[in-house]
Amino acid sequence: MLLLVAAPHAIIAGVLYAPLRVDAAGIVDVSDSPHAVVRSVGLGDVHWTDGFWADRIATCRKQSIPSMWRLMESGQYKPFLGHFLIAAGEAEGDYHGAKWNDGDFYKWIEAACASLAVEPDAQLQAHVDRAVAAIIAAQREDGYLHTPVLVGQRNGDASAQPFSDRFAFEMYNIGHLMTAACLHHRVTGRDDLLQAACKTGDFLEETFRTPTPELARNSVCPSHYMALVELYRTTGDARYLGLVKQLFAMRHLVEEGGDDNQDRVPFAQQREAAGHAVRANYLYAGAADLYLETGDEELWNTLDAVWHNVVEKKLYITGGCGALYDGASPDGSPDQESITRVHQAYGRNYQLPHTTAHNETCANIGLVLWNWRMFLATGEARFLDVLELALYNSVLSGVSLDGDRYFYVNPLRNTDPLPTELRFSRARQPFFTSFCCPPNVVRTIAEVGGYAYSVSDGALWVNLYGGNKLDTKQGDEPLSIVQQSDYPWSGNVAIEIENWEGPAFELKLRIPSWASSAKIAVNGKQLEVAATPGSFASIKRNWQSGDRVELELPMPAQLIEAHPLVEEARNQVAVKRGPVVYCLESPGLPAGVKLAHVALPADGELTPRFDANLLGGVAAIDTKAIIRDGEPWRNDLYRPLSASSGRKAKITLTPYYAWANRGPEEMSVWLPVDR
């Protein structure tokens with residue numbers, strides 16, 4: 001792809017451009033990170049050709065990204081673009097939106113750039129150019145950029161000052177500006193938005209030159225740690241890495257902190273995930289980025305301990321995290337002076353309610369960001385298992401199948417009526433005031449190709465499966481491979497070496513933790529190679545163009561039970577097949593049967609079948625359930641157990657990510673089990 005960069009001293013609007021070949025880099029550019037075991041491939045290196053991710057990326061490109069631009073440009077709900085125009089003096093008006101809406105606008109730019117990396121689009125590029133021009137025009141001369149303050153100042157509000165309100169989300173917005181700017185530069189070759197990000201980085205360096213406890217608290221929802229590390233990687237300016245170190249160390253100055261922003265306990269002492277789940281996962285991802293550059297074992301000790309706490313005690317079966325709408329943390333502690341109210345929080349160990357599960361889409365995306373960086377630092381497949389689980393379930397559930405309606409929360413059960421009034425809808429919406437999740441899920445889908453492969457010296461790592469083509473380099477030699485698979489509906493994967501003329505290298509195939517008895521063949525010959533679940537199977541040979549690798553991942557549908565301390569899942573089971581978690585919705589029930597009347601037999605047969613006409617094309621699972629038609633519950637809280645044995649009837653389970661796409665419905669991931 002031929003990229004363009006502004007010529008020296010050119011004016012950005014209407015400039016002359018000179019051809020430039022920009023070195024392709026992935027979502028996270030760890031090409032020179034000293035503590036990275038594996039490196040990303042370029043976003044433009046992976047083209048999804050058919051199947052699951054090709055369909056979702058096509059919807060993202062054709063529907064999600066354009067419709068979100070129309071929403072942000074028009075000001076139909078809130079003036080996203082308009083705020084920058086007002087701040088630049090190009091329009092009149094007040095700021096009226098959430099304080100983090102700047103960050104939402106930057107996430108859309110990142111999504112658009114990720115799409116452009118794969119498929120150039122002149123109209124989309126024009127929209128990006130307009131957005132970038134508005135951002136640059138709004139930026140203050142000293143580099144400060146946060147439109148709630150800038151609009152207030154332009155309208156004569158003397159109280160509108162930088163960092164005067166720790167909950168104004170300045171650092172969050174600035175972080176997403178920097179992340180978008182780095183990707184924009186890599187994809188387009190232009191440096192206009194990158195220069196704006198650098199000016200903002202310079203402003204932060206000056207602002208935080210002399211740390212104080214008050215300044216230390218301005219880290220709410222800390223996207224800026226990831227962003228500043230990426231700005232350092234993109235520019236090579238060591239000042240930005242130094243600033244990250246300083247800002248991270250400054251957290252220890254916080255006085256009377258709380259779990260809401262993970263500053264009640266110094267980071268080095270944390271061993272459990274606590275507090276606001278989005279802020280927590282962004283913090284952990286930022287710390288992992290810092291580890292990739294510094295190798296600080298103190299950081300890693302915390303990250304590894306907290307990861308085990310999340311995965312072993314606080315993670316939903318869907319990869320959702322942040323169980324509680326509102327919680328007190330540490331829950332139940334005798335140290336009441338440390339208790340703080342926490343919104344959308346990690347709960348106590350094993351506290352995983354179904355109906356009231358919060359699981360904000362942004363938290364689930366934060367889990368992906370964190371685990372990707374942990375994988376880059378180790379090459380360990382366990383982190384990709386978690387990443388894949390979230391991608392296929394609790395991330396994708398955040399957007400409708402048609403690509404322009406969104407969930408803020410992702411519960412595991414929906415009943416009619418609900419047991420209590422809840423703040424967020426159980427139907428996806430085109431807009432809600434806290435609009436952080438929609439552009440976040442759109443950028444994540446647009447970037448999913450960046451997670452599919454990795455490289456290291458002498459090895460190509462295959463992380464995600466599906467129909468795609470990879471054009472990259474192994475060492476200095478060009479390498480092209482073609483992958484064919486109906487994954488996640490089938491565990492059969494074929495990989496053909498399309499073009500390779502270099503020396504021997506390792507092909508490392510991820511064997512998911514759920515895949516027992518995996519088999520691998522090369523050119524039709526079965527290999528005796530270790531294919532341990534939750535690891536990479538390695539094949540090293542002198543590859544030739546035309547070589548074909550076949551991977552067979554057995555993918556039976558399974559009943560899953562939870563740890564007995566997960567009280568709401570006691571004597572219940574969920575259904576999972578490969579990476580996909582299933583649920584039961586009202587349309588999957590016989591006429592007149594309510595969700596509350598259904599139980600699954602422990603020895604029931606689970607039969608997968610692909611239905612191209614169901615929910616955009618899914619593998620549904622048919623089974624015989626036990627239907628107990630008892631008396632309806634009225635005002636009784638308890639009653640004698642019914643001795644009814646029930647009757648058997650066919651039900652159909654469908655993927656959790658696709659629930660609520662057929663109108664208002666009851667739904668549950670967990671169902672009572674009849675042993």
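Smallest separation of non-hydrogen atoms from Arg428 and Ala660: NH1-O, 3.3 Å. The two residues Leu384 and Phe536 come nearest to each other via the heavy atoms CD1-CZ, 3.6 Å. The two residues Leu253 and Ala216 have their closest heavy-atom pair at CB-CB, 4.1 Å. Contact between Ala357 and Val409 at its shortest, heavy atoms only, is O-CB, 4.5 Å. The two residues Ala569 and Ala562 make their nearest non-hydrogen contact at CB-CB, 3.7 Å. The minimum heavy-atom distance linking Pro488 with Tyr392 is given by the pair CG-CE2, 3.6 Å.
Arg570 pairs by the side chain to side chain contact (heavy atoms under 4.5 Å, CB included) definition with Pro564, not counting sequence neighbours.
Separation of the His563 and Tyr350 ring centroids falls under the 6.0 Å cut-off.
With no hydrogens or angles considered, a side-chain donor-acceptor pair links Ser397 and Asn410 at under 3.5 Å. Ser454 and Asn463 share a donor-acceptor pair across their side chains, judged by distance under 3.5 Å alone. No side-chain N or O of Ser394 forms a donor-acceptor pair with one of Asn359 less than 3.5 Å apart.
Using a 4.5 Å heavy-atom threshold, the side chains of Glu272 and Val306 count as separate. Residues Leu584 and Met667 form no side-chain contact, since every pair of their non-hydrogen atoms from C-beta on lies 4.5 Å or further apart. In this structure, Val399 and Val442 have side chains that are not in contact, with every pair of non-hydrogen atoms separated by 4.5 Å or more. Residues Val41 and Val455 have side chains in contact (heavy-atom distance under 4.5 Å, counting atoms from C-beta outward). Counting only heavy atoms from C-beta outward, the side chains of Leu303 and Phe267 approach each other to under 4.5 Å. Side-chain contact between Leu589 and Glu666 is absent, with no heavy-atom pair separated by less than 4.5 Å. Using a 4.5 Å heavy-atom threshold, the side chains of Ile651 and Asp622 count as separate. Residues Thr420 and Thr355 form no side-chain contact, since every pair of their non-hydrogen atoms from C-beta on lies 4.5 Å or further apart.
With salt bridges taken as basic N to acidic carboxylate O contacts below 4.0 Å, none links Glu256 and Arg264. With salt bridges taken as basic N to acidic carboxylate O contacts below 4.0 Å, none links Asp29 and Arg39. Salt bridge annotation for Asp289-Arg233: present, with a cationic side-chain nitrogen under 4.0 angstrom from a carboxylate oxygen. The existence of a salt bridge linking Glu561 and Arg675 is confirmed by a sub-4.0 Å separation between a basic side-chain nitrogen and an acidic carboxylate oxygen. The residues Asp263 and Arg166 are annotated as salt-bridged, a charged nitrogen and a carboxylate oxygen being separated by less than 4.0 angstrom. The pair Asp304-Arg382 meets the salt-bridge criterion, since a charged nitrogen lies less than 4.0 angstrom from a carboxylate oxygen. The pair Glu255-Arg217 does not count as a salt bridge, with every side-chain nitrogen at least 4.0 angstrom from each carboxylate oxygen.
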- Go through the steps to decide whether Asn440 and Thr361 satisfy the test side chain to side chain donor-acceptor pair (under 3.5 Å), and finish with yes or no. CA-CA 8 Å; Asn440 215 0; Thr361 304; over 6 Å; no
- Task: Apply the test ring-ring contact (aromatic ring centres under 6.0 Å, His included) to residues Tyr284 and Trp370: give CA-CA distance (whole Å), side-chain angles for both, the deciding distance (0.1 Å), then the verdict.
- Result: CA-CA 6 Å; Tyr284 307 144; Trp370 173 25; 4.8 Å; yes
- Message: Before you tell me yes or no, could you show the steps for Ser33 and Glu293 under side chain to side chain donor-acceptor pair (under 3.5 Å), namely the whole-Å CA-CA distance, both residues' side-chain angles and the distance that decides it to 0.1 Å?
- Response: CA-CA 5 Å; Ser33 301; Glu293 303 305 322; 2.4 Å; yes
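A distance of 14.5 Å separates CZ in Phe407 from OH in Tyr657, rounded to the nearest 0.5 Å. Summarising the geometry, atom CD1 belonging to Ile174 is positioned 13.5 Å from atom CZ belonging to Phe169; distances are rounded to the nearest 0.5 Å.
For Arg639, the CZ atom sits in a packed shell: over 12 heavy atoms of surrounding residues, nucleotides or ligands are nearer than 6.0 Å. Within a 6.0 Å radius of CD in Glu312, other residues, nucleotides and ligands contribute more than 12 heavy atoms. The neighbour count for Gln429 CD, taken as heavy atoms of other residues, nucleotides or ligands under 6.0 Å away, is above 12. More than 12 heavy atoms of other residues, nucleotides or ligands sit less than 6.0 Å from atom CD of Glu380.
Applying the side chain to side chain donor-acceptor pair (under 3.5 Å) test to every pair with at least one member in residues 574-587, sequence neighbours left out, gives these pairs: Glu585-Arg662.
The ring-ring contact (aromatic ring centres under 6.0 Å, His included) with Phe52 is formed by just one residue from the set Tyr465, Trp489, Tyr487; it is Trp489. A ring-ring contact (aromatic ring centres under 6.0 Å, His included) with Phe383 is found for exactly one of Trp307, Tyr451, Phe375, namely Trp307. Checking Asp296, Leu241, Leu247 one by one against Leu290, the side-chain contact (heavy atoms from CB on, under 4.5 Å) holds for a single residue, Leu241.
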